[in-house]
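Here the structure is a predicted model, which means the values were calculated and not measured.
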Amino acid sequence: MQDRYSKLIILVFLLVQVAIIFIFGYTPYPDSEGYIAAASEALRQGSPYPSPEQLHNLEFIWNVGSINAVELSLWLSQSVLPSVPLLTEEGSGVVLLMIVYAIMKGLTAAMLFSITETLSDKRTAFIALVIYVCYPANYGEATSILSEVPFIFFIMLSLWLVFVKKRPLLGGAVMALANWFRPMGLVFLVAIAIISILKRQRSLLRTAGGYIAMLLIIGTATRLYTGRFFFQAQTGWMALLQYSWDNDTQQAPDTCLFYRGDPMAIPDGSATDGVERNRYWQKNFSRWIAGGNIVEYLRQMPRKVLDTYVSDNVNMCTFIPDKAERQYMYGEVSMPTLAASFPRLTPVQWLTTLNLLFYYLLLLLYIVSLLTLRPSFRSSNGGASIHVLTLAIVAAGTLLLIFFGHGEARFHQPFMPFIIMAVAALIAEKTLGKSKRQP
């Protein structure tokens, strides 16, 4: 019975994702617009992103997989797709990609059910699926071309291959493909490493082997058309240095460490392409740390955690009526605006508030699950425990962000399927316990 209901829920969820694209149209997030601009330029130059010219001229190299997906959609749209009147000009160019992302959302829900069932049982899997499709933030992501949807899809696919299909080599390769879209694949490889060590399993070596092999394939292919070997975005050190410097309360003593007193400034000829610029910013970050700023670096960490988890409003921009005309699209759904407008909220703001309450409840229940459920190192069928997996992913991901990244509301989204899995396990455990006590 649950299998039939699950398939129906997943199908309806997928169809709603597609319908939202044509009802609410393309959502022009700043990053999405940047992806389209970079992909369009690479397409004009007849090269995958980044083209050799872009590698040298652009300040940094963005999420390579995401932008190449946009470029492919633009090329196919010009070749085989008609214009779509309901979408903006930019949206028409990526309508194919948005539909693919909508399908990915549906398949992610299916894999969430399958992975949870494998690690626990069918009842817990059904609860996880219901929570996932009831979570408002899961609607509207496919109206943009940000990296979250494909990254989460490929991560879930990799874990499905590892845990459900017992294909760790292929799972590792798909995990590296996810990393091509957004450089966080290492978080999930670390999670599998933790599980493998605790359970004395041998899947880690094969997963890592597949991961490394795919990185080499991507890096080699990139070198063939750019002359540079790299397999992911080259923005990490730039973002970390920029955040650290902008939030440094005592900048003045450190200006002497950098060219023109600015850690982001690069002398002419010192870095001729995006890879070298990222390395230059890495050296400048090391100079900043060595200049006596380790305490300042540590002081900024709690703010990164807060910025990552305090808000869940980004996807609500999908439903803003005049989003294409907004100079600052996030304004209506930002936390300060919601607080200032309450209780006289617009429909979008009420939806955003509902989503926030749902999100905060998920976080609260996740914390409760960590405090009240003893993580079992073996699930009922001998697989990895949901609690070990989710804790490893959330902990490793948060540590990666606070040590090597910066805080941003979107950054918690890859962790949400796993938080939902843990919450489902908590609900299943507590409700099952009550049913057993009833006469």
Open item on the list: Consider side chain to side chain contact (heavy atoms under 4.5 Å, CB included). Of Thr222, Asn179, Val64, which one does Phe231 pass it with?
Closed with: Asn179

Open item on the list: A quick test of your reading: do over 12 heavy atoms of other residues, nucleotides or ligands sit less than 6.0 Å from CZ of Arg277?
Closed with: yes

TODO: State whether the number of non-hydrogen atoms from other residues, nucleotides or ligands found under 6.0 Å of Arg299 atom CZ is greater than 12.
DONE: yes

Task: Side-chain donor-acceptor contact under 3.5 Å, Thr27 with Thr143 - done: yes

Task: Residue pairs passing the side-chain hydrogen bond (donor to acceptor under 3.5 Å, both in side chains) test where at least one lies in residues 403-425, sequence neighbours excluded - done: Asp31-Arg410, Glu148-Arg410, Asp312-His412, His406-Glu408

Open item on the list: If we ignore hydrogens and angles and just use 3.5 Å, is the side chain of Ser73 paired with the main-chain N or O of Ala69 as donor and acceptor?
Closed with: no

- [ ] Indicate the atoms forming the closest heavy-atom contact of Ala422 with Thr390, along with that distance.
- [x] CB-OG1, 3.8 Å

- [ ] Give the minimum heavy-atom separation between Ser6 and Phe126, together with the two atoms involved.
- [x] OG-CD1, 3.3 Å

- [ ] Consider only side-chain N and O atoms of Thr352 and Asn355, and report whether a donor and an acceptor are under 3.5 Å apart.
- [x] no

Task: Ser40 side-chain N/O to Ile36 backbone N/O, donor-acceptor pair under 3.5 Å - done: yes

Open item on the list: Side chains of Gln234 and Trp281, heavy atoms from C-beta outward: is any pair under 4.5 Å?
Closed with: no

TODO: Could you check if a side-chain atom of Tyr35 sits within less than 4.5 angstrom of a side-chain atom of Glu71, using non-hydrogen atoms only?
DONE: no

- [ ] Could you walk me through whether Leu401 and Lys304 pass side-chain contact (heavy atoms from CB on, under 4.5 Å), step by step?
- [x] CA-CA 7 Å; Leu401 290 174; Lys304 293 180 182 181; over 6 Å; no

- [ ] For residues Ala271 and Ile266, report the shortest heavy-atom separation together with the two atoms involved.
- [x] CB-CG2, 4.0 Å

Task: Reported CG-to-CD1 distance for the pair Leu257 and Ile289, which is rounded to 0.5 angstrom - done: 11.5 Å

- [ ] Assess the pair Tyr366 and Phe415: is the distance between their ring centroids shorter than 6.0 Å?
- [x] no

- [ ] Before giving the answer on side-chain contact (heavy atoms from CB on, under 4.5 Å), spell out for Tyr211 and Ser158 the whole-Å C-alpha distance, their side-chain angles and the decisive distance to 0.1 Å.
- [x] CA-CA 10 Å; Tyr211 186 85; Ser158 71; over 6 Å; no

Task: Interatomic spacing from CD1 in Ile152 to CG in Leu112 - rounded to 0.5 Å - done: 11.0 Å

Task: Donor-acceptor pair, side chain of Ser66 and main chain of Phe181, under 3.5 angstrom - done: yes

Task: Donor-acceptor contact present, side-chain His56 to main-chain Thr272, <3.5 Å - done: yes

Task: Trp288/Phe258 under side-chain contact (heavy atoms from CB on, under 4.5 Å): CA gap, chis, key distance, verdict - done: CA-CA 9 Å; Trp288 181 75; Phe258 309 113; 3.9 Å; yes

Open item on the list: Would Phe418 and Phe188 count as a ring pair (Phe, Tyr, Trp, His ring centres under 6.0 Å) here? Give the steps.
Closed with: CA-CA 11 Å; Phe418 306 98; Phe188 299 86; 5.8 Å; yes

Task: Asn138 backbone acceptor or donor facing Gln17 side chain under 3.5 Å - done: yes

Open item on the list: Taking the side chain as everything from C-beta on, heavy atoms only, tell me whether Leu14 gets closer than 4.5 Å to Ile10.
Closed with: no

Task: Under 3.5 Å donor-acceptor, Ser311 side chain and Asp307 backbone - done: no

TODO: Kindly indicate whether the side chain of Thr318, heavy atoms from C-beta on, has any atom under 4.5 Å from the side chain of Ile20.
DONE: yes

- [ ] Count the heavy atoms belonging to other residues, nucleotides or ligands that lie under 6.0 Å from CZ of Phe229, then report whether that count exceeds 12.
- [x] yes

Open item on the list: Treating Lys105 as the side-chain partner and Val149 as the backbone partner, does any N or O pair qualify as donor plus acceptor under 3.5 Å?
Closed with: no

Open item on the list: Nearest 0.5 Å, please: how far is CG in Leu97 from CD1 in Ile21?
Closed with: 9.0 Å

Open item on the list: Using 0.5 Å steps for rounding, measure from the CD atom of Gln232 to the CG atom of Asn63.
Closed with: 9.5 Å

Open item on the list: For Tyr49 versus Phe60, what's the shortest heavy-atom pair and its separation?
Closed with: OH-O, 4.1 Å

- [ ] Kindly indicate whether the side chain of Ser51, heavy atoms from C-beta on, has any atom under 4.5 Å from the side chain of Glu41.
- [x] no

Task: Pairing of Arg279 and Glu276 as salt bridge, 4.0 angstrom limit - done: no

Open item on the list: Measuring only between side-chain heavy atoms, which start at C-beta, is Pro150 closer than 4.5 Å to Trp180?
Closed with: no

Open item on the list: Between Tyr132 and Thr116, does the side-chain contact (heavy atoms from CB on, under 4.5 Å) criterion hold? Intermediate values first, please.
Closed with: CA-CA 12 Å; Tyr132 187 80; Thr116 307; over 6 Å; no

Task: Nearest heavy atoms of Met335 and Val310, plus distance in Å - done: CE-O, 3.9 Å

- [ ] Taking all heavy atoms of Met175 and all of Gly185, pick out the closest pair and write down the distance.
- [x] SD-O, 3.8 Å

TODO: Could you tell me the separation between the CD1 atom of Ile67 and the CG atom of Leu72, rounded to the nearest 0.5 Å?
DONE: 14.0 Å

Task: Distance-only donor-acceptor check, side chains Tyr309 and Thr398, under 3.5 Å - done: yes

Open item on the list: With heavy-atom distances below 4.5 Å as the criterion, would you say the side chains of Met421 and Leu389 are in contact?
Closed with: yes

Task: Point-to-point distance, once rounded to the nearest 0.5 Å, from CG of Leu306 to CZ of Arg303 - done: 6.5 Å

Task: Test item: Tyr29 side-chain N/O and Val314 main-chain N/O as donor-acceptor pair under 3.5 Å - done: yes

TODO: Mark yes or no for whether Gln251, through its side chain, and Trp245, through its backbone, hold a donor-acceptor pair below 3.5 Å.
DONE: yes

TODO: For residues Met111 and Pro417, determine if any side-chain heavy atom of one lies less than 4.5 Å from a side-chain heavy atom of the other.
DONE: no

TODO: Report yes if the distance between the aromatic ring centroids of Tyr297 and Phe285 is under 6.0 Å, otherwise no.
DONE: yes

Could you pull out every donor-acceptor pair under 3.5 Å between side chains of residues 236-244 and any protein atom, sequence neighbours left out?
unit_1	atom_1	unit_2	atom_2	d
Gln242	NE2	Asp246	OD1	3.0
Gln242	NE2	Asp246	OD2	3.1
Ser244	OG	Leu240	O	2.8

Open item on the list: Given 3.5 Å as the limit, does a donor-acceptor pair link the side chain of Tyr101 with the main chain of Ser147, or not?
Closed with: no

